[in-house]
Peer 1: 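For reference, the structure I am asking about is given below.
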Number of protein chains: 2
Amino acid sequence: MMIRSLVEEIENYLKELLAQSPHGWIEVQRKDLAEKFACVPSQITYVLNTRFNLKCGYFVESRRGGRGYIRIWKIDSCFRGLFPEDAIPGDYLGLLHTLVQKGFLTEREAFLLNLVFRVIESKVHGEFGSFLNRQIFREVLTSLGFLRNLEEGTTGSQARLPDRKG
Amino acid sequence: MMIRSLVEEIENYLKELLAQSPHGWIEVQRKDLAEKFACVPSQITYVLNTRFNLKCGYFVESRRGGRGYIRIWKIDSCFRGLFPEDAIPGDYLGLLHTLVQKGFLTEREAFLLNLVFRVIESKVHGEFGSFLNRQIFREVLTSLGFLRNLEEGTTGSQARLPDRKG
DNA sequence: TATAATAAAAGTCAAGGAAAGTCAAAAGGT
DNA sequence: ACCTTTTGACTTTCCTTGACTTTTATTATA
């Protein structure tokens with residue numbers, strides 16, 4: 001993997017640790033990291049703020065003082081299990097049409113999602129493919145509540161792309 | 001080859017680089033190019049805007065600040081199914097941001113796509129997961145180029161969902 | 001034992017520098 | 001004349017650094 005900057009180097013290192021962690025979270029020390037990467041400790045804070053914030057799908061817990069620590073959690077999917085397994089049948093096109101009709105999605109949004117479903121259909125055969133599509137559709141549905149409140153340009157909604165910079 | 005202007009000279013140079021790249025993308029620095037061709041940096045921006053836009057079949061991603069870069073992709077999605085592992089570097093968040101910033105996607109659209117990438121990332125581990133995401137991203141890019149062409153042509157046509165069958 | 005001092009973390013914030021972006025004016029070409 | 005290219009002053013974004021602050025645990029002291 002090509003490393004572009006110190007920030008990314010540290011980011012990759014932490015994500016690697018996370019990927020290898022069986023718990024879904026890791027614990028590190030800012031001081032140690034700073035030492036390992038030969039940088040100022042606040043650099044670590046910067047990485048945490050810009051790459052591991054809630055919007056990016058991570059949650060950071062920390063403690064100062066002696067025995068201080070930084071714990072990083074990967075938020076897998078906050079909405080897991082909201083829907084019964086086969087609540088959503090395979091005909092996404094129809095569902096997308098309905099959502100457009102009801103004003104939950106724009107034509108373009110539905111177009112893009114349909115594109116996604118088709119790619120997965122064509123590349124992931126069998127049961128797993130439809131499982132994936134179901135998962136995605138589920139996530140879309142659960143975020144529709146947020147989406148609905150997001151008129152173009154409004155601020156403060158959760159239905160936004162996470163910032164690259166925190 | 002007959003060179004008519006600096007723009008074309010730079011254009012040719014970049015296309016040559018692209019042709020020789022095994023990945024279908026290259027990474028350069030505006031500052032370096034400007035130096036190499038003895039021109040002001042904004043000349044490079046001009047070349048990028050006029051010769052390497054989506055309509056021309058290219059996609060440009062960039063980052064300002066320290067260790068900034070410019071990455072140029074040739075979109076030739078058709079039938080180029082298999083890519084080396086690192087064909088599309090890392091996180092799609094940056095790419096989605098770029099597309100939003102350039103006005104190709106709305107915040108909502110990017111949000112939805114990011115959702116998709118995250119679901120796939122979490123459900124399809126390893127090589128195949130990133131392969132899938134790459135496929136989807138390429139499809140999105142090509143259809144965006146397609147969309148733009150449509151918008152310039154007739155009818156204020158947007159991306160349309162195929163009609164429901166039956 | 002209760003409190004005060006000390007040390008060892010992590011947090012904050014702003015300055016500084018290194019990129020790329022913007023925009024409009026000037027220059028060239030047809 | 002019009003459209004494309006070239007230029008440069010100014011802006012924005014992002015990374016890095018360091019001085020200073022706050023929080024927590026440990027140790028010393030009354």
Peer 1: Give a yes/no answer on whether the side chain of A:R64 brings an N or O atom under 4.0 Å of OP1 or OP2 in D:dT21.
Peer 2: no
Peer 1: Just checking B:T50: base, sugar-phosphate only, or nothing, at a heavy-atom cut-off of under 4.0 Å?
Peer 2: nothing
Peer 1: Rounded to the nearest Å, what distance is computed from the CG atom of residue A:N49 to the P atom of nucleotide C:dC13?
Peer 2: 11 Å
Peer 1: In whole angstroms, how far is the P atom of C:dA10 from the CD atom of A:Q43?
Peer 2: 15 Å
Peer 1: Between A:D32 and B:D32, which has a closest nucleotide on DNA chain C that is more 5'?
Peer 2: A:D32
Peer 1: Check whether any side-chain N or O of B:R63 sits under 4.0 Å from OP1 or OP2 of D:dC15, and answer yes or no.
Peer 2: yes
Peer 1: Drop me the distance from A:L17's CG to A:L33's CG, to the nearest 0.5 angstrom.
Peer 2: 8.0 Å
Peer 1: Rounded to whole angstroms, how far apart are CG on B:L48 and C1' on C:dA20?
Peer 2: 11 Å
Peer 1: So that I can tick it off, tell me whether A:K15 and A:E8 are bridged by a salt bridge, with the cut-off set at under 4.0 angstrom between side-chain N and carboxylate O.
Peer 2: no
Peer 1: Determine whether a donor-acceptor pair (one donor, one acceptor, N or O, separation below 3.5 Å) exists between the side chain of A:T45 and the base of C:dG11.
Peer 2: no
Peer 1: Base, sugar-phosphate, or nothing: which does B:R51 touch, judged by heavy atoms less than 4.0 Å apart?
Peer 2: sugar-phosphate
Peer 1: Between D:dT26, D:dT17, C:dG11, which nucleotide has the shortest distance from any of its atoms to the side chain of A:I70?
Peer 2: C:dG11
Peer 1: Please classify the nucleic acid contact of A:V7 as base, sugar-phosphate, or nothing, using heavy-atom distances under 4.0 Å.
Peer 2: sugar-phosphate
Peer 1: Is there a donor in the side chain of A:T45 and an acceptor in the side chain of A:R30, or the other way round, less than 3.5 Å apart?
Peer 2: yes
Peer 1: Assign B:R30 to base, sugar-phosphate, or nothing according to its heavy-atom contacts below 4.0 angstrom with the strands shown.
Peer 2: base
Peer 1: Between B:E16 and B:Q20, is there a side-chain donor-acceptor contact under 3.5 Å, judged purely by atom types and distance?
Peer 2: yes
Peer 1: Closest-nucleotide mapping onto DNA chain D: is A:C39 or A:G66 further toward the 5' terminus? I mean the 5' end.
Peer 2: A:C39
Peer 1: Starting at atom CD1 of A:I10, determine the distance to atom P of D:dT16, rounded to an integer number of angstrom.
Peer 2: 8 Å
Peer 1: Distance check needed: C:dG11 P versus A:K31 NZ, whole Å only.
Peer 2: 14 Å
Peer 1: Checking all strands, does B:L6 fall into the base, sugar-phosphate, or nothing category for heavy-atom contacts under 4.0 angstrom?
Peer 2: sugar-phosphate
Peer 1: Grab the CD1-C1' distance between B:I72 and C:dA20 for me, whole Å please.
Peer 2: 13 Å
Peer 1: Rounded to the nearest 0.5 Å, how far does NZ of A:K31 lie from CD1 of A:I70?
Peer 2: 11.5 Å
Peer 1: Quick check: closest heavy atoms across A:R67 and A:Q29, and the distance to 0.1 Å?
Peer 2: C-NE2, 4.4 Å
Peer 1: In terms of the nearest nucleotide of DNA chain D, which residue is placed more toward the 5' end: A:R67 or A:A38?
Peer 2: A:A38
Peer 1: Choosing from D:dT4, C:dA20, C:dG11, which nucleotide comes nearest the side chain of B:Y46?
Peer 2: D:dT4
Peer 1: For A:R4 and C:dA20, what is the distance between atoms CZ and P respectively, to the nearest whole Å?
Peer 2: 12 Å
Peer 1: Given the structure, check if the side chain of A:S42 and the base of D:dG18 hold any donor-acceptor pair shorter than 3.5 Å.
Peer 2: yes
Peer 1: If I take atom CD in residue B:E35 and atom C1' in nucleotide C:dA18, what distance separates them, rounded to the nearest angstrom?
Peer 2: 14 Å
